[in-house]
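Read the structure below first, then the notes.
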Amino acid sequence: MSKTIHILNGPNLNLLGKRQPEIYGSDTLEDVERICREEAQPKGFEVALFQSNFEGEIVEQIHRARDAACAIVINAGAYTHTSVAILDALNTFEGPVFEVHISNVHKRENFRHHSFISQRAEGVLAGFGIEGYALATRRACSVLS
Ligand code: DHK
């Protein structure tokens with residue numbers, strides 16, 4: 001079985017560190033990859049980070065994860081709140097799925113309170129900054145060990 005955890009990121013997260021730092025902080029996606037790797041490697045797991053601004057590309061990456069990943073950590077960005085296609089794709093994946101949001105979406109606009117992904121996720125982290133990715137990675141390792 002694969003020992004790689006896929007860390008999937010949706011639209012605008014390529015600008016992490018530059019985009020609205022008062023909400024999303026000043027760390028970058030490279031920092032996300034580093035802290036997830038630091039969490040995973042000592043436990044015998046690898047991480048692979050992916051980002052796309054396009055819904056279909058995220059769907060296709062989830063399809064690739066069916067063979068290539070043991071778990072998915074996903075921050076689908078705004079698609080969290082809109083995408084039945086990403087939910088359907090996640091439902092084709094057999095391993096555990098963890099949903100992450102850098103900001104506390106429940107403290108923000110109403111339209112951010114609903115997530116299509118939550119009904120598929122084993123766990124949801126919101127408002128822990130980029131540490132949420134590392135915590136989700138830690139949990140993925142522990143449920144798979
Ligand atoms: C990131 C986004 O891009 C928003 O569209 C979500 C999420 C929140 C985050 O907090 O990481 O609503």
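Both counts, for ligands and for their atoms, begin at 1 and track the order of listing. Count residues from 1 along the sequence.
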Check your understanding: Is there a heavy atom in Tyr24 that sits closer than 4.0 Å to ligand 1?
Key -> yes
Review point. Does Asn75 come within less than 4.0 Å of ligand 1, judged by its heavy atoms?
Key: yes
**Study point:** Nearest-contact summary for atom 3 (O) of ligand 1 - protein heavy atom, Å
**Key:** Arg19 NH2, 2.9 Å
Check your understanding: Can you check whether Ser118's main-chain N or O pairs, donor with acceptor, with Glu99's side chain at less than 3.5 Å?
Key -> yes
Review point. Considering distance alone, does some N or O of Ile102 sit under 3.5 Å from an N or O of ligand 1?
Key: yes
Exercise for review: Check Val105 against ligand 1 and report side chain, backbone, both or neither, counting heavy atoms closer than 4.0 Å.
Suggested key: side chain
Review point. Do Ser83 and Glu55 meet the criterion of a side-chain donor-acceptor pair at a distance under 3.5 Å?
Key: yes
Check your understanding: Hey, is the main chain of Ser142 close enough, under 3.5 Å, to the side chain of Ser145 for a donor-acceptor pair?
Key -> no
Revision key, fill the gap. His81 heavy atoms within 4.0 Å reach ligand 1 at atoms 6 (C), 12 (O)
Exercise for review: Please state whether the rings of His106 and His113 are parallel, tilted or perpendicular, taking 30° and 60° as the class boundaries.
Suggested key: tilted
Practice item. Could you see which bit of Glu109 sits under 4.0 Å from ligand 1, with heavy atoms only: side chain, backbone, both or neither? Key: neither
Review point. Any N or O of Ser103 that comes nearer than 3.5 Å to an N or O of ligand 1?
Key: yes
Practice item. Apply the test salt bridge (charged side-chain N to carboxylate O under 4.0 Å, His left out) to residues Glu30 and Arg34: give CA-CA distance (whole Å), side-chain angles for both, the deciding distance (0.1 Å), then the verdict. Key: CA-CA 6 Å; Glu30 286 72 38; Arg34 178 179 49 75; over 6 Å; no
**Study point:** Backbone of Pro21 reached by a side-chain donor or acceptor of Ser26 within 3.5 Å
**Key:** no
**Study point:** The single option from Asn9, Asp27, Asp31 passing side chain to side chain contact (heavy atoms under 4.5 Å, CB included) against Tyr133
**Key:** Asn9
Review point. So which bit of Arg112 gets within less than 4.0 Å of ligand 1, heavy atoms only: side chain, backbone, both or neither?
Key: side chain
